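Structure first, commentary second.
Every value quoted in this text rests on a predicted model; they were computed, and no experiment measured them.
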Amino acid sequence: MGAVTETFRIRPARTSDVAAIKNLVAPLAEERILMAKETVAYYESLQEFRIAESADGEVIGCGALHVMWEDLAEVRTLAASDRWRGKGVGHVLVESLLEDARALGVSRVFCLTFEVDFFKKHGFDVMADQTAVDPVVYSELLRSHDEGVAEFLDLARVKPNTLGNTRMIKVL
């Protein structure tokens with residue numbers, strides 16, 4: 001008799017998921033793998049999130065796609081519960097977010113990660129050129145108050161939070 005595979009589905013996030021998202025992020029933020037956000041920031045960006053939900057309705061993973069510019073978005077806040085790590089949750093979430101990017105018309109997706117091998121499996125490459133946008137777009141992005149945009153631009157004010165992370169990009 002073969003092993004039974006646990007199943008899960010991906011769906012858009014709901015306001016009732018914010019506490020679960022925070023719980024998924026908390027241990028990773030403590031390890032400085034992800035940056036924790038204020039609760040209000042999760043509500044404000046809720047439409048960007050996809051949730052992985054087990055067959056019994058438990059929130060077991062999350063991830064978000066944040067559009068930064070006409071052709072550029074970021075995969076962020078990708079997390080899976082300890083019990084579900086290594087069972088494909090992250091992979092399915094990333095593929096779902098990449099589909100969202102395609103549907104929005106985005107042609108490049110960025111991530112800032114410690115999980116280089118994981119993202120390479122999804123076609124991301126380490127950014128060789130740290131200036132992935134032209135100077136006009138760069139000056140427009142500087143006006144953003146979003147920390148992820150500051151990370152993408154590699155601004156000095158976010159350096160303490162991003163030490164050791166690798167900037168990666170995928171062309172769709």
Practice task
Identify whether the distance between the nearest side-chain nitrogen and carboxylate oxygen of Arg50 and Glu95 falls below 4.0 Å.
Solution key: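 Judged by the 4.0 Å cut-off on N to carboxylate O distance, Arg50 and Glu95 do not form a salt bridge.
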Problem - Residues Arg14 and Glu53 bridged, charged N to O under 4.0 Å - result: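 A salt bridge is present here (some side-chain N lies under 4.0 Å from a carboxylate O).
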Practice task
Go through the structure and list residues passing ring pair (Phe, Tyr, Trp, His ring centres under 6.0 Å) with Phe49, not counting sequence neighbours.
Solution key: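 Per chain and number, Phe49 pairs via ring pair (Phe, Tyr, Trp, His ring centres under 6.0 Å) with no residue.
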Straight-line distance of [X] [atom1] to [Y] [atom2], nearest 0.5 Å:
{"X": "Ser45", "Y": "Leu65", "atom1": "OG", "atom2": "CG", "result": "11.5 Å"}
{"X": "Leu93", "Y": "His122", "atom1": "CG", "atom2": "NE2", "result": "9.5 Å"}
{"X": "Arg76", "Y": "Leu34", "atom1": "CZ", "atom2": "CG", "result": "11.5 Å"}
{"X": "Ser81", "Y": "Ile60", "atom1": "OG", "atom2": "CD1", "result": "6.0 Å"}

Flag side-chain contact, heavy atom, 4.5 Å: [X] against [Y]:
{"X": "Asp100", "Y": "Leu97", "answer": "yes"}
{"X": "Arg11", "Y": "Arg9", "answer": "yes"}
{"X": "Asn165", "Y": "Thr113", "answer": "no"}
{"X": "Met68", "Y": "Phe110", "answer": "yes"}
{"X": "Thr166", "Y": "Leu112", "answer": "no"}

Practice task
For Ile169 and Leu72, run side-chain contact (heavy atoms from CB on, under 4.5 Å): C-alpha distance rounded to whole Å, both residues' side-chain angles, the deciding distance at 0.1 Å, then the answer.
Solution key: CA-CA 10 Å; Ile169 199 159; Leu72 184 65; 4.1 Å; yes
Listing, residues 36-43 side-chain donor-acceptor contacts under 3.5 Å, not counting sequence neighbours, or none:
residue : atom : partner : partner atom : Å
Lys37   : NZ   : Thr77   : OG1          : 3.3
Thr39   : OG1  : Lys22   : NZ           : 2.6
Tyr42   : OH   : Lys37   : N            : 3.4

Handout entry: Phe118 and His91 aromatic ring geometry - parallel, tilted or perpendicular at 30°/60° bounds
Key =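 Aromatic pair His91/Phe118 classed tilted.
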Practice task
Can you establish whether the number of heavy atoms outside Glu31 located under 6.0 Å from its atom CD is more than 12?
Solution key: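 Yes, enclosed.
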Exercise for the section: Just do the side-chain contact (heavy atoms from CB on, under 4.5 Å) check on Phe124 and Leu98 with the steps written out, would you? Expected result: CA-CA 11 Å; Phe124 285 76; Leu98 292 174; 4.1 Å; yes
Practice task
Might you point out which heavy atoms bring Ser54 and Trp84 nearest each other, and give the distance in Å?
Solution key: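 It is CB-CZ2, 3.8 Å.
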Handout entry: Member of Val89, Asp17, Leu24 meeting the side chain to side chain contact (heavy atoms under 4.5 Å, CB included) criterion with Cys62
Key =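 Exactly one pass, corresponding to Leu24.
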Handout entry: Name of the residue among Leu78, Asp125, Val126 meeting side chain to side chain contact (heavy atoms under 4.5 Å, CB included) with Phe119
Key =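 Looking at Leu78, Asp125, Val126, the match for Phe119 under the side chain to side chain contact (heavy atoms under 4.5 Å, CB included) is Leu78.
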Practice task
Applying side chain to side chain donor-acceptor pair (under 3.5 Å), run through His66 and Glu74 and close with a yes or a no.
Solution key: CA-CA 5 Å; His66 180 75; Glu74 177 189 12; over 6 Å; no
Handout entry: Residues Val67, Leu104; criterion side-chain contact (heavy atoms from CB on, under 4.5 Å); working and verdict
Key = CA-CA 9 Å; Val67 175; Leu104 290 167; 3.9 Å; yes
Practice task
Using modelled atom types only, decide if a donor and an acceptor are shared between the side chain of Lys170 and the backbone of Arg108 within a distance under 3.5 Å.
Solution key: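 Between the backbone of Arg108 and the side chain of Lys170 there is no qualifying donor-acceptor contact (under 3.5 Å).
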Exercise for the section: Would you sort out whether Glu115 and Lys121 count as a side-chain contact (heavy atoms from CB on, under 4.5 Å), showing the intermediate values? Expected result: CA-CA 10 Å; Glu115 302 295 334; Lys121 290 176 184 172; over 6 Å; no
